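In this text, all values refer to a predicted model and were calculated from it rather than measured experimentally.
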Amino acid sequence: MSRLLLIRHGETEWSRNGRHTGRTDLPLTTGGEEQARALRPLLSGRTIGRVYASPMQRALRTAELAGLAPPEIDPDLQEWDYGGYEGITTAEIHRSRPGWYLFRDGVAPGPAGHPGESPEQVGARADRVLARIAPYLEEDEGDVALVAHAHFLRVLTARRLGLPAAAGGLFTFETGAVGVLGTEHGRPAVVAWNARSL
């Protein structure tokens with residue numbers, strides 16, 4: 001069975017500052033571009049049959065700089081719609097909502113077009129992605145790479161492992177890093193996490 005490569009985009013100004021970056025389309029910083037280029041040796045030694053990416057420029061640029069084939073854009077790979085928490089740090093949210101936890105509580109509604117998402121809604125998007133790529137993972141004709149965003153990929157990991165979406169909170173995911181999901185005895189398993197070399 002092929003492996004699933006989860007690639008978090010490189011650093012942006014907001015990720016560096018801890019600001020929730022859902023649908024705001026920010027470019028990579030210079031450091032983020034360096035992180036993406038540094039993934040090239042790690043990924044070049046693998047046979048990658050399919051590449052999918054979020055439509056956000058930070059994901060597409062990461063895929064390009066990491067040396068991946070031009071990706072198929074999948075809107076379901078977008079980051080969590082943070083609604084009213086877009087651009088705000090966790091510390092700022094805690095001032096008005098002490099004890100808030102994204103993976104349990106979701107977000108406050110945002111402006112028109114950005115109502116925000118619950119963990120279950122993000123999990124439903126992750127399930128759609130996993131259903132679409134399942135045939136390619138079973139073909140064993142090369143790994144499947146997803147270039148996307150930290151919170152979304154954490155939820156997708158939880159769903160791939162048979163856990164509820166809220167269990168995505170158990171995984172951290174650094175900018176410009178790779179997670180690898182494979183199998184052990186026919187069951188999904190984490191093979192590597194936050195990797196910059198394999």
Side-chain contact test, heavy atoms from C-beta onward, threshold under 4.5 Å: evaluate it for [X] versus [Y] and give yes or no.
X: E92; Y: R19; result: no
X: Y82; Y: L102; result: yes
X: R97; Y: D105; result: yes
X: T90; Y: H20; result: yes
X: I133; Y: R50; result: no
X: R8; Y: S15; result: yes

> Rounded to the nearest 0.5 Å, what separation is found between the OG atom of S44 and the CG atom of L68?
Replying inline: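 If we round to the nearest 0.5 Å, S44:OG and L68:CG are 10.0 Å apart.
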
> Does the pair E79 and H9 meet the rule for a side chain to side chain contact (heavy atoms under 4.5 Å, CB included), with working shown?
Replying inline: CA-CA 11 Å; E79 181 59 292; H9 64 77; 6.0 Å; no

Taking the side chain from [X] and the backbone from [Y], do they hold a donor-acceptor pair closer than 3.5 Å?
X: R196; Y: G176; value: yes
X: D25; Y: Q57; value: yes
X: R125; Y: Q78; value: yes
X: E117; Y: W80; value: no

Compare every heavy atom of [Y] with every heavy atom of [X], then report the nearest pair and how far apart it is.
X: P71; Y: L60; answer: CG-CD2, 3.9 Å
X: G84; Y: I88; answer: O-CD1, 3.4 Å
X: V191; Y: R3; answer: CG1-NH1, 3.4 Å
X: V107; Y: D81; answer: CG2-O, 3.6 Å
X: P41; Y: A38; answer: CD-O, 3.3 Å
X: L6; Y: F173; answer: O-CZ, 3.4 Å

>> Determine whether L4 and L130 satisfy the following criterion, side chain to side chain contact (heavy atoms under 4.5 Å, CB included), listing intermediate values before the conclusion.
In response: CA-CA 10 Å; L4 180 55; L130 290 168; 4.1 Å; yes

>> Does N17 form a side chain to side chain contact (heavy atoms under 4.5 Å, CB included) with T89? I'd like the steps, not just the answer.
In response: CA-CA 8 Å; N17 297 326; T89 67; 5.8 Å; no

> When you check the gap from the basic side-chain N to the acidic O, do E64 and R61 get nearer than 4.0 Å?
Replying inline: yes

>> I want to know whether H151 and F103 have ring centres closer than 6.0 Å.
In response: yes

> Which word best sums up how the rings of W100 and Y85 line up, parallel for under 30°, tilted for 30 to 60°, or perpendicular for over 60°?
Replying inline: perpendicular

> Regarding E86 and T24, is there a side-chain donor-to-acceptor distance under 3.5 Å anywhere?
Replying inline: yes

>> Count I, L, V, M, F, W, Y as connected when their side-chain heavy atoms are under 4.5 Å apart, and connections chain through other members. Are L170 and Y101 then in the same cluster?
In response: yes

